[in-house]
Amino acid sequence: MVDHPSHGTSGAASGDAPGDHRDVAAELRAAAAAGEPGAYRSYAELLTERGQLDEALPWWARAADAGDADASRTLAICHKDRGEFAEAERWYRTAADRDGGCAFGLARLLQEAGDPAGAEEWYGRGAALGSVSCTTNGALMLAARGEWDTALERLAEASAEGDDVATRTRKVIEDLLGELAGWRDALAAAEAAGDPDAAYEALRALLDPDRQGMYDTYPHLVAEAEALYARAAAIGSVKALVDQAIFVSRDAARGDEARALVERAHELGYDGAAFVLGVWAEERGELRAAETWYRTADDADGGHFWACYNLGVLCTRQRRLDEAEEWLLSTGIDPEHWDPFSESEERVIRALEDVAAIRADPARQGSAQWRDRLPGLRASAREGGPDAWYAYAEALDHIHRLPEAAEWYRKAGTPRALLALGRMLYGSGGAKGTLMVPYYEAAAGEGDASAAYDIGRIHDEAGERRTAEIWFHRAAGLGHGGAAWWLGWTSEERGGDPQQAERWYVRAARTGLVPPAFLAGRSMVRRGAHADAVPLLHTAHDGGHAEAAYWLAKAVRGLGRPEEAERWLRTAVERHPQVLRDYGPMARQAIPDPSRN
């Protein structure tokens, strides 16, 4: 379910012609100022429709203080969209004990904040107030921890109330439980026959890529799958040990337990175990261990396709180009005769092309300057401390001797060194972003804006939007322009809040970024702040933004300078073909044609 703010239920505010809006606004403002019943809300709705959220919020607050629960909910949503989570929670709580919509919003907020107990409490209280959405989401929380029967009962109640989400979810869970029963029966038959191969085959569908999303939605299934694979392993399926470990590894705190299971499978002779250990080592940034395990997998298997591919990529990152090419060709893919419809073959061909491109570009192989400095830096590192160790690691990093660089960065151990290590491992590929976050945290804690921004970006790429937003706010507060730009875009595109977006764009523009300077200037022109827009649009134009000339023309025309506006329009006409090329044919209808102005 999606929570939306109240927008425009007042016919007078939204239905009149644009020329009449000034009179309507004046009437509504006067009524609201006089405290007439319903006027706070009507005026707040009008301002919200116009994108004047700053002006609307105080009137929403007056409506909420007067007992309007929907106004409380709207305030909470607006503050949540602005990343002001504490304020959002405060407004939800003002009406959550008497309004199902606010109870639902509060429960969602708590759930996203990692407070499942609080979320479940408020879903339950919202359901008691008649919120079908609360009934459905509360049932989903029950299903997530395996209370299937109760969850299905609640979903049936919500479905009877007309909730399509509940109807679809109930069918999904019923189908899932049927499949789970089938897997259990097939495993039991294999156990009775003492057949480890049949036991493993009985569970093969559990790791089907198309099913992976269900483990995020219903985490209890992870424990169910782990237990089933443990039973298969108990009757001798070595492969089942690895798949059991894959489910165990979903809990970061059980990483050592997961690796022990796979190592045991390797000791028992399962060739694929070494490959899994290689992938996990690479995700953790343990490059030497990853290479060792990939080589082991290839040796044991007599030619493991993906081990060879990963070794090729690993060597490419370290600029061991001859080895990289050899490993990639060891996959058996012929560069002259390969299947363009095969994703795996295409990946090998693209990797070989990357090797060739690096060979042809000496700049991508590490500068001679860093190589020349290496002996002196090595000598200093042997005798020095953290600063010397960092300097030597940095040189190794620049010439792509990544495993050695990682060792010296770790030895230095300073926030700066750990940040460089995290960036090296994540930036070179292979390492899992969320596993690298601890390397960034010390620098971010010392006020490094770029480190805070990188943490936000990692969480954003992992789909962890709330955590990302918290870190982007922190980075923007430290002066990071990219973070402010992200927050502006999010405010405008997701929150429908152009005023908040404009403020963030201005902050981003102050750091020298051209695109947010343009976005801020365009926003100001649209609301009539022409004088404020001009310097920002000049910055954007001087920075090469092709659209800036058109909006500069509108700004100076709004300031009563027609001759200057005409000059900018001529520039805009000249730039228009470039704008169309930049945006592509799909955007042509949305881009104003300056020749018609």
Side-chain angles (χ1 to χ4, degrees), residues 252 255 280-292 313-321 324 358 361-459 461 471-472 474-483 511-512:
W280 285 355
E282 190 172 1
E283 287 180 345
R284 296 191 305 273
E286 299 169 1
L287 302 179
R288 293 191 194 280
E291 182 169 343
T292 298
V313 173
L314 204 61
C315 289
T316 302
R317 291 173 186 144
Q318 298 174 40
R319 300 304 187 260
R320 294 153 52 189
L321 300 181
I358 294 170
D361 184 0
R364 293 182 64 188
Q365 297 177 36
S367 72
Q369 178 184 2
W370 284 101
R371 293 182 190 280
D372 292 343
R373 292 179 59 193
L374 204 61
L377 291 170
R378 183 188 302 116
S380 297
R382 287 172 178 164
E383 299 175 1
D387 288 343
W389 299 336
Y390 173 85
Y392 184 44
E394 184 181 32
L396 291 166
D397 188 353
H398 275 282
I399 62 174
H400 307 286
R401 285 166 57 174
L402 306 185
E404 294 171 82
E407 291 169 0
W408 285 96
Y409 277 138
R410 286 193 176 98
K411 184 173 182 178
T414 61
R416 179 175 66 154
L418 294 176
L419 176 60
L421 173 60
R423 285 175 169 164
M424 181 189 79
L425 295 173
Y426 186 44
S428 65
K432 191 173 181 179
T434 50
L435 295 179
M436 297 298 103
V437 165
Y439 293 126
Y440 293 74
E441 288 176 335
E446 290 190 340
D448 188 319
S450 65
Y453 173 77
D454 285 347
I455 295 174
R457 183 171 52 84
I458 288 169
H459 284 294
E461 290 171 358
W471 278 103
F472 283 134
R474 192 173 302 178
L478 292 168
H480 195 284
T511 69

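Computed over heavy atoms, backbone and side chain alike; hydrogens, waters and symmetry mates excluded.
- Across all their heavy atoms, His459 and Trp471 have their closest contact at CD2-CD1, 4.1 Å.
- Closest approach of Ala451 and Ala444 over heavy atoms only: CB-N, 3.7 Å.
- Note that CE of Met436 is 9.0 Å distant from CZ of Arg284, once rounded to the nearest 0.5 Å.
- In this structure, Lys411 places its NZ atom where more than 12 heavy-atom neighbours from other residues, nucleotides or ligands lie under 6.0 Å away.
- Using a 4.5 Å heavy-atom cutoff, the side chains of Arg416 and Leu419 are not in contact.
- In this structure a side-chain-to-backbone donor-acceptor pair under 3.5 Å is present from Gln365 to Ile358.
- What you find for Ser367 and Ile399 is that their closest heavy atoms are O-CG2, 4.0 Å.
- Scanning all heavy atoms of the two residues, the minimum distance from Leu374 to Ala395 falls at CD1-CB, 3.7 Å.
- Atom-to-atom distance recorded for Leu425:CG and Glu286:CD is 10.0 Å, nearest 0.5 angstrom.
- Using a 4.5 Å heavy-atom threshold, the side chains of Pro403 and Gln318 count as touching.
- Side chain of Arg457 to main chain of Ala483: no donor-acceptor pair is present (N/O by atom type, distance under 3.5 Å, no hydrogens or angles).
- The two residues Asp397 and Ala420 come nearest to each other via the heavy atoms OD2-O, 4.5 Å.
- Between Ile458 and Tyr440 there is a side-chain heavy-atom pair separated by less than 4.5 Å.
- Residues Trp370 and Glu394 are in side-chain contact: their nearest non-hydrogen atoms beyond the backbone lie under 4.5 Å apart.
- Taking a cutoff of 4.0 Å between a charged side-chain nitrogen and a carboxylate oxygen, Arg288 and Glu407 qualify as a salt bridge.
- Between Arg317 and Glu282 there is a salt bridge, with a side-chain nitrogen of the basic residue lying less than 4.0 Å from a carboxylate oxygen of the acidic one.
- Within the structure, the side chain to side chain donor-acceptor pair (under 3.5 Å) test picks out the following pairs touching residues 382-392 (sequence neighbours left out): Arg378-Tyr392.
- Shortest non-hydrogen contact noted between Leu418 and Gly413 is CD1-O, 3.7 Å.
- Counted by atom type alone, Tyr439 and Arg410 present one or more donor-acceptor pairs between their side chains at under 3.5 Å.
- Atom CE of residue Met424 and atom CG of residue Leu396 lie 9.0 Å apart, to the nearest 0.5 angstrom.
- In this structure, the separation between OG1 on Thr434 and CD on Glu461 is 10.5 Å, given to the nearest 0.5 Å.
- Ser428 has its side chain within reach of Leu402: a pair of non-hydrogen atoms, C-beta onward, lies under 4.5 Å apart.
- Tyr426 has its side chain out of reach of Lys432: every pair of non-hydrogen atoms, C-beta onward, lies at least 4.5 Å apart.
- Rounded to the nearest 0.5 angstrom, His480 NE2 and Asp448 CG are separated by 8.5 Å.
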